[in-house]
Amino acid sequence: MAATSDSSFRTRRPVADWIMLQLARAHSQRTLQRFMRAVRAGRRVQDEVLFAKLRRNALSDFGRAYGFSQIRTYAEFVRQVPILHYEDLAPYVERVKDGDFGAMFGRNQSVRMFAKTSGTTDQPKYIPVTDAFLAEYRRGWNAFGVKAIGDHPGSFLRPIVQVASPMDEEFTAAKIPCGAITGLMAATQKRLVRRYYVVPPEVAYIPDADARYYCVVRFAVTCDPAFFITASPATQLRLARTLDGCAESLIRDVRDGTLAANLDLPDETRAALTARLAPDAACAARLESIRTRTDRLLPRDVWHLGFLANWTGGTMGLYLRDFPEYFGDTPVRDVGLIASEGRMSIPIADGTASGLLNVPDNFYEFIPAGEYGADRPTVLRAHELTAGAEYFILLTTSAGLYRYDIGDRVRVTDHLGETPLIEFLHKGVHASSLTGEKLTEQQAVLAFGALGPDASGVARTFVLAPQWGNPPHYRLHVEEELPSGCNQAALAATYDARLQAINIEYASKRDSGRLGGVVVNVLPRGFLAERNRTIAARQRAANEQFKHCYLLSAVDADAAFPLSPEPELER
């Protein structure tokens with residue numbers, strides 16, 4: 001549905017809010033103008049960002065070890081500091097976790113929390129969140145929000161549905177919280193903005209996922225949000241399906257001012273949330289009317305959403321095919337390339353994963369994709385990149401990361417001034433090469449998406465896994481029973497053909513017989529969802545930013561998957 005105009009809300013807002021609206025708009029314009037000035041002078045700004053970070057931490061143990069105080073030029077920075085990975089930083093991080101901030105940071109700096117995120121193994125990474133890092137992280141979000149809201153009239157000073165995770169899932173020995181930086185961002189948000197948050201902070205701490213999503217929808221359904229903002233589009237769909245699938249219970253709860261008795265909620269959480277609720281017979285009647293008229297309860301009929309904000313790049317695009325059913329033609333704004341390590345891009349338009357490199361907050365270097373993993377790769381700065389080319393990012397931030405290989409592969413789509421626009425493609429670890437085919441997760445998803453529902457007829461969650469054999473091949477794991485007229489062999493042949501069309505090296509290896517054809521395995525319903533929950537819980541509880549892995553990199557990584565009867569391999 002189209003966003004409701006500002007004027008339709010005029011009678012609902014106190015005069016003070018209208019004054020704040022004008023001030024917010026003026027501030028927003030200044031924020032956006034500052035960011036765009038930095039973008040146009042990207043090279044100079046990047047120099048300033050780099051040396052400010054080096055000076056700030058020159059007297060830390062890490063800074064002394066790498067001679068920060070002697071670095072005067074970018075060339076000296078490259079000579080002094082090698083390309084680093086989390087394993088190189090881990091000993092320093094462990095000291096900071098114990099309260100020894102001088103290990104990584106200069107004087108008068110403290111660590112608010114550790115952003116806990118999944119690593120390349122089953123052990124999480126801990127990213128220190130300093131005041132400077134938090135300020136930069138927030139500034140990037142502000143620039144994103146200002147542009148997104150400004151591009152969608154009617155979105156100012158309206159309710160916001162944000163799904164955040166707890167910032168204090170665990171504590172270090174020094175009593176420093178570890179969890180999601182989104183939790184800290186929400187807790188320290190400006191009062192004016194926080195007034196418009198729909199979801200109470202207690203919801204983030206609900207252990208049961210079904211109950212957590214129900215509560216998000218329960219609080220959202222009685223207001224008219226301007227937008228929903230989540231990391232994954234899968235979360236948007238989960239909320240939409242909760243609204244539709246729990247319509248009867250939700251309408252009853254709205255009418256009675258309650259929370260469903262069958263929700264798995266801690267007693268104290270239920271009490272805190274229920275205290276915020278009141279009966280709303282008029283809203284319940286409106287929802288019931290929608291349900292009677294349409295036989296469903298969908299976001300496109302319930303809310304006047306200005307836009308949706310979530311990832312759309314890489315494998316996340318697979319979920320967007322289901323958006324029209326639930327959200328109609330509501331525009332989607334990618335939230336940008338953002339991770340616990342920092343915000344790297346700021347999208348400035350709907351319908352694209354491409355965004356401006358966030359040059360005012362972090363320092364960036366890039367390795368051409370073809371040289372990634374080489375002993376001495378070419379390293380380029382942001383202003384040296386070529387449109388259409390693909391690179392891996394090296395990140396220097398106020399979290400104590402320097403020339404940090406985050407493993408993100410991006411494509412440069414354009415330039416604005418001296419700053420590139422980039423779109424995320426995939427993580428470097430999400431690639432497989434049994435015989436030199438260099439198959440990527442993005443290609444696996446593109447091939448599956450090209451099948452279409454009539455060709456595949458299977459659930460849209462899948463896993464492609466390399467299999468060793470004579471010859472080696474790939475196994476496509478899908479869930480649910482195959483429809484009539486679509487057998488495993490037919491699906492395998494169609495998917496294999498799509499992979500060949502997308503990846504010329506894969507096609508070459510298939511033509512030469514060095515790779516065998518794809519084999520399809522049908523998994524029990526819910527197997528992949530349960531596997532994802534197990535992995536996410538092991539890495540971090542309530543991990544809203546968890547991403548399903550569509551392509552496994554290692555042979556036998558799917559050894560625990562149950563196997564259905566398998567047709568003979570095509571050789």
Side-chain angles (χ1 to χ4, degrees), residues 120 314-315 318 369-370 372-373 409 425-483 485-525 527-529 531-532 535 547-571:
T120 55
T315 58
L318 188 66
Y372 187 65
R409 182 167 178 159
L425 297 178
H426 61 82
K427 279 284 187 184
V429 294
H430 294 171
S432 177
S433 192
L434 287 167
T435 61
E437 69 277 13
K438 297 185 289 292
L439 191 64
T440 69
E441 186 176 40
Q442 177 78 352
Q443 292 166 342
V445 170
L446 286 173
F448 196 86
L451 297 177
D454 294 334
S456 66
V458 297
R460 290 174 181 171
T461 300
F462 69 93
V463 169
L464 186 66
Q467 308 293 311
W468 195 250
N470 184 26
H473 60 281
Y474 285 85
R475 178 176 287 135
L476 178 65
H477 296 280
V478 296
E479 284 190 358
E480 304 184 4
E481 295 180 357
L482 297 174
C486 180
N487 57 43
Q488 290 170 248
L491 177 59
T494 303
Y495 186 74
D496 188 80
R498 292 306 308 157
L499 286 178
Q500 293 186 55
I502 290 170
N503 183 316
I504 59 172
E505 291 293 342
Y506 182 91
S508 172
K509 272 61 174 181
R510 287 287 289 114
D511 287 343
S512 66
R514 286 173 284 177
L515 277 177
V518 169
V519 171
V520 168
N521 179 54
V522 181
L523 297 166
R525 186 188 302 271
F527 176 85
L528 292 177
R531 177 177 180 269
N532 284 347
I535 296 172
K547 295 179 184 177
H548 172 77
C549 183
Y550 292 92
L551 176 64
L552 303 182
S553 300
V555 172
D556 294 331
D558 63 338
F561 286 38
L563 296 179
S564 60
E566 185 173 279
E568 184 174 340
L569 289 176
E570 179 187 346
R571 301 302 183 190

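Along the sequence shown, residues carry numbers from 1. Excluded from the calculations below are hydrogen atoms, water molecules and symmetry mates; all remaining heavy atoms, backbone and side chain alike, are included.
- Among residues two or more places apart in sequence or in another chain, the ring-ring contact (aromatic ring centres under 6.0 Å, His included) test is passed with Phe527 by Phe561.
- For the side chain to side chain contact (heavy atoms under 4.5 Å, CB included) test with Leu464, the passing option among Leu552, Leu439, Val445 is Leu439; the others fail.
- With values rounded to the nearest 0.5 angstrom, Leu499 atom CG is found 8.5 Å from Leu476 atom CG.
- Atom CD1 in Ile535 sits 8.0 Å away from atom SG in Cys549 (nearest 0.5 Å).
- Of all heavy-atom pairs spanning Val518 and Ala492, the tightest one is O-CB, 3.1 Å.
- Scanning all heavy atoms of the two residues, the minimum distance from Val519 to His473 falls at CG2-CD2, 4.0 Å.
- Of the inter-residue distances, the one linking Asp511 atom CG with Gln500 atom CD reads 6.0 Å to the nearest 0.5 angstrom.
- The aromatic rings of Tyr550 and Phe462 sit tilted relative to each other, their planes meeting at an angle between 30° and 60°.
- In this structure Ala501 satisfies the side chain to side chain contact (heavy atoms under 4.5 Å, CB included) test together with Arg498, sequence neighbours excluded.
- Under the side chain to side chain donor-acceptor pair (under 3.5 Å) criterion, Asn503 pairs with Gln443, sequence neighbours left out.
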Steps toward side-chain contact (heavy atoms from CB on, under 4.5 Å) verdict (Val520, Tyr495): CA-CA 9 Å; Val520 168; Tyr495 186 74; over 6 Å; no
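- Side chains of Leu523 and Val478 form no contact here, defined as non-hydrogen atoms less than 4.5 Å apart.
- Remark: the backbone N or O of Leu528 is paired with a side-chain donor or acceptor of Glu479 at under 3.5 angstrom.
- With values rounded to the nearest 0.5 angstrom, Tyr506 atom OH is found 3.5 Å from Asp496 atom CG.
- Remark: Arg409 pairs with Glu390 by the side chain to side chain donor-acceptor pair (under 3.5 Å) rule, at least two apart or across chains.
- Pairing each heavy atom of Pro466 with each of Ser553, the nearest pair is CG-O, 3.9 Å.
- The side chain to side chain donor-acceptor pair (under 3.5 Å) search around Tyr474 returns Ser432, Glu437, not counting sequence neighbours.
- Counting only distance, with no hydrogens or angles, the side chain of Asn487 and the backbone of Ala490 share a donor-acceptor pair below 3.5 Å.
- Here Gln467 pairs with Arg475, Asp558 under the side chain to side chain donor-acceptor pair (under 3.5 Å) rule; sequence neighbours left out.
- At distances below 3.5 Å, not a single donor-acceptor pair connects side-chain atoms of Asn521 with backbone N or O atoms of His477.
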